[in-house]
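Written out below as structure tokens is the structure these notes cover.
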Amino acid sequence: MNNEAVIQAGAAALHVAGDHGEAHHHKQSFITKYIFSQDHKTIGKQFLITGIIWAIIGGLMSVLFRLQLGYPDSSFPWLETVIGHWAKDGRITPEAYYSLTTIHGTVMIFFVLTGGLSGTFANFLIPLQIGARDMASPLMNMLSYWFFFTASVIMLCSFFVETGPFAGGWTAYPPLSALGDASPGSKTGMDLWLASLILFVVSQLLAGLNYISTVLNMRTKGMSMMRMPLSTWGVFLQAVLGVLSFPVLFSGFILLIFDRHFGTSFYLSDIYIQGVGALSHEGGNAILYQHLFWFLGHPEVYIVILPAMGIVSEVMSTSGRKPIFGYSAMVMSMFAIVILAFLVWAHHMFVTGLNPFLGSIFVLLTLLIAVPSAIKVFNWLTTLWRGNLRFTPGMLFAIGFVSVFISGGLTGIYTGNSAIDIHIHDTYFIIAHFHLVMGVAAFFGMFCGVYHWFPKMFGRHMNNTLGYVHFWITLVGAYLIFWPMHYEGLAGMPRRYYDYSGWESFKQFVELNRFISVCVIITFAAQFLFLFNFFHSIFKGRKLTVKNPWKSTALEWTTPINVGHGNWPGEIPEVHRWPYDYSKDGHDFIPQTVPVGEEDNPAYMDEEMIEEAKLKGEQV
């Protein structure tokens, strides 16, 4: 049986299941419909809401530790009222400061930008865009969310243990993470941190395997791999990256637990501790943990950014009313990024005593990854060129994504060069670089996707005016926060210092740090515009009157406005063309379901195309 026959057989089987056993034919309780739902769309929304909650918590942490960095000699008595002994006499304690920076990094990277971004859009978009009733395993899909949620709760619980949450940095390097007495946060807080991230990895593996199986096996008739929207390509390839790299991190965490509690010496050696003497461990090496961590840590950058790249491509073509420029090159570039992502982890370790010859190989491989990234940027700009641009909030965030991705990507040339990286390692230059290219860019991709697919998610529109204000404050704020940090880093100002005011060379940055902290507070406050817009629009937004408000060609807009479990009420539509037929053959857009050469046949025209034909005076 060839592949096409398998797909057709699978679609037929699903249709039979849809006639007799699908959930949308059954009465559902509140719990089975909204809590333990197996509908991929509901699970996508669960990931989105959980990610938003974590983004608020993680963002609030950054505001708190930026108060310390902006006003190192000041006291804020209200802080003690709000967070208690963490801010004794109105100043954040050093232990609290390091816990805040550690958990901020952990939750933003894993729970917001990985779980929140890919969990939302992979779940919501894959079946809708490839023409499937649901994921390959809806039960596994539901479990992936609940593992994610449980991991979130455990991480949150670490704030309420007596010794506090882990404070050794989001990378959790040994020996701080391996020795229970290294700091107060290295005790129960570190155990909870490990338990949380192990469950998170299980969640990602369950989800990733499901995404890959769904894309490979459940595409509707005519939906070849090279007819898939780039947003589906992005989440598909990030799943491949995650499935191959997360198990390495998982094994690294297991070995760390062994070192902490079972007397092994994978990462510990005969370390001498003042007042205690030499440890009984021998033969271990903390560098081993760094290899295992960064084997996931660097692909994690692309696990975060690939879905954003796909979302931005989709929105840019739709709102630009132009076919995406170089579709095949975009897909091949993402493939190249996936492969190279596994070959560059050691550029995080140039200062660990890496052999210079080996370092030069990793420099070459690191700089090579700029090639597919540059191809994608070129294609985005060319897609915009002479397009009939519609500046929706989603489109603005797509353009903003390209801007910050270029800015952050250019500074990657410095960090990938070992000779320069040794100077700027662990300085504010690094913070500025990865926040722009990975943090802000990924957030822009997330905002772009939420504004664009909100009507499909909830059957209502978000408020555009609030969206525009949200975009401009966030864009300007991001540059005002992170651009000055490049100069601080080049001047040698180190990251993770609780109080830098004791160094004469860094006192020159007091005013600049204060300016950055004020910008952080304003930019964080602007996010409440988005929160208000999002939650208010779910219940009070303008109702959708047509099922395809953006006049998109992709398959998800052929579903009803209030789509049920199973996605299409009857047969799953057949696909006849690629997803970017805009401004072609006299038509503003031609959906994927229209056969080639049948663009003017009323049988294949949706309500938008019929309206367009009537305006031209044609009979339909």
Side-chain angles (χ1 to χ4, degrees), residues 24 33-34 37 39-49 51-52 116-135 141 211 214 220 223 228-232 234-235 307-308 310-319 390 392-395 397-398 445-464 467 530 533-569 572-573 575 579-580 582 589 591-593 606-608:
H24 71 285
K33 187 173 183 181
Y34 295 109
S37 172
D39 184 347
H40 68 96
K41 299 182 294 298
T42 304
I43 295 171
K45 294 173 193 173
Q46 289 174 324
F47 271 105
L48 177 59
I49 301 292
I52 287 175
L117 177 55
S118 67
T120 298
F121 292 103
N123 273 295
F124 192 80
L125 292 181
I126 287 177
L128 288 176
Q129 290 195 331
I130 66 168
R133 298 285 184 196
D134 205 318
M135 288 290 178
N141 206 23
Y211 303 156
T214 306
T220 188
M223 179 61 82
M228 290 199 308
L230 288 170
S231 43
T232 295
V235 290
I311 289 168
V312 163
S313 304
E314 185 76 14
V315 173
M316 204 169 277
S317 180
T318 304
S319 297
R390 298 175 180 176
T392 63
M395 180 63 156
F397 274 105
M446 188 186 295
F447 287 134
C448 170
V450 171
Y451 280 110
H452 186 74
W453 278 289
F454 187 90
K456 180 53 60 184
M457 287 181 176
F458 300 102
R460 293 176 185 268
H461 288 280
M462 294 180 77
N463 183 291
N464 278 354
F530 168 77
N533 196 0
F534 181 84
F535 288 107
H536 182 266
S537 299
I538 290 176
F539 305 103
K540 300 290 184 183
R542 182 165 50 89
K543 283 186 178 179
L544 213 60
T545 54
V546 294
K547 61 185 180 183
N548 188 5
W550 307 128
K551 298 184 179 180
S552 171
T553 58
L555 211 53
E556 73 269 24
W557 300 100
T558 63
T559 59
I561 292 176
N562 295 310
V563 52
H565 193 182
N567 299 336
W568 287 270
I572 298 178
V575 167
Y580 300 110
Y582 293 102
F589 72 109
Q592 282 187 283
T593 51
D606 68 6
E607 60 261 41
E608 301 291 347

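We number each residue from 1, following the sequence as shown.
We find the OG-CD distance between Ser552 and Glu314 to be 5.5 Å, quoted to the nearest 0.5 Å. Taking OG of Ser118 as the start and CD1 of Ile311 as the end, the distance is 9.5 Å to the nearest 0.5 Å. In this structure, CG on Asn464 lies 9.0 Å from OH on Tyr451, to the nearest 0.5 angstrom. Remark: Met228 CE to Ile126 CD1 distance equals 8.5 Å, nearest 0.5 Å. Asn141 contributes atom CG, which lies 4.0 Å from atom CD1 of Ile43 (distance to the nearest 0.5 angstrom).
The minimum heavy-atom distance between Gly131 and Ile572, with the atom names listed, is O-CG2, 3.4 Å. Scanning all heavy atoms of the two residues, the minimum distance from Thr593 to Pro573 falls at CG2-CB, 3.6 Å. When every heavy atom of Gly541 is checked against every heavy atom of Arg460, the shortest pair comes out as O-NH1, 2.7 Å. Between Gln592 and Ala554 the shortest heavy-atom distance is OE1-CA, 3.7 Å. Nearest heavy-atom pair across Ser319 and Thr392 is OG-OG1, 3.7 Å. Taking all atoms of both residues into account, the shortest heavy-atom contact from Gly445 to Ala308 is CA-CB, 3.9 Å.
With hydrogens and angles ignored, the 3.5 Å screen pairs a side-chain donor or acceptor of Tyr582 with a backbone N or O of Thr553. Judged purely by atom type and a 3.5 angstrom limit, Asn463 has no side-chain atom pairing as donor or acceptor with the backbone of Asn533. Not a single donor-acceptor pair under 3.5 Å links the side chain of Thr220 to the backbone N or O of Met223. Judged by distance alone, with hydrogens and angles left aside, the side-chain atoms of Lys45 form a donor-acceptor pair with the main-chain N or O of Met457 at under 3.5 Å. The backbone N or O of Glu556 lies less than 3.5 Å from a partner atom in the side chain of Thr559, making a donor-acceptor pair. Looking at Thr120, its side chain does come within 3.5 Å of a backbone N or O of Gly116 through a donor-acceptor pair.
Shown here is Tyr34, whose OH atom has no more than 12 heavy atoms of other residues, nucleotides or ligands within 6.0 Å. By the neighbour-count criterion of 12 heavy atoms within 6.0 Å, atom CZ of Arg542 is sparsely surrounded, having that number or fewer from other residues, nucleotides or ligands.
Under the 4.5 Å side-chain criterion, counting only non-hydrogen atoms from C-beta, Thr318 is in contact with His452. No side-chain heavy atom of Pro393 sits under 4.5 Å from any side-chain heavy atom of Met462. The side-chain heavy atoms of Leu48 and Phe124, taken from C-beta on, include no pair separated by under 4.5 Å. With a 4.5 Å cut-off on side-chain heavy atoms, Ser231 and Val235 do not count as touching. The shortest side-chain heavy-atom distance between Phe530 and Val450 falls under the 4.5 Å cut-off. Within the 4.5 Å cutoff, the side chain of His461 has no heavy atoms near those of the Ser537 side chain. Side-chain atoms of Trp557 and Leu128, non-hydrogen and from C-beta on, never get closer than 4.5 Å to each other.
Considering Asn567, Thr214, Asp134 in turn, Asn567 is the only one that fulfils the side chain to side chain donor-acceptor pair (under 3.5 Å) rule with His40.
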Would Trp568 and Leu555 count as a side chain to side chain contact (heavy atoms under 4.5 Å, CB included) if you check the C-alpha gap in whole Å, the side-chain angles of each, and the deciding distance to 0.1 Å? CA-CA 11 Å; Trp568 287 270; Leu555 211 53; 4.0 Å; yes
Starting from the C-alpha separation in whole Å, work towards a yes-or-no answer on side chain to side chain contact (heavy atoms under 4.5 Å, CB included) for Ile49 and Phe535. CA-CA 10 Å; Ile49 301 292; Phe535 288 107; 3.9 Å; yes
Determine whether Phe397 and Val315 satisfy the following criterion, side chain to side chain contact (heavy atoms under 4.5 Å, CB included), listing intermediate values before the conclusion. CA-CA 9 Å; Phe397 274 105; Val315 173; over 6 Å; no
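A ring-centre distance under 6.0 Å is found for Phe454 and Phe534.
Residues meeting the salt bridge (charged side-chain N to carboxylate O under 4.0 Å, His left out) test with Lys41, sequence neighbours left out: Asp39.
The aromatic rings of Trp453 and Phe121 sit tilted, their planes meeting at an angle between 30° and 60°.
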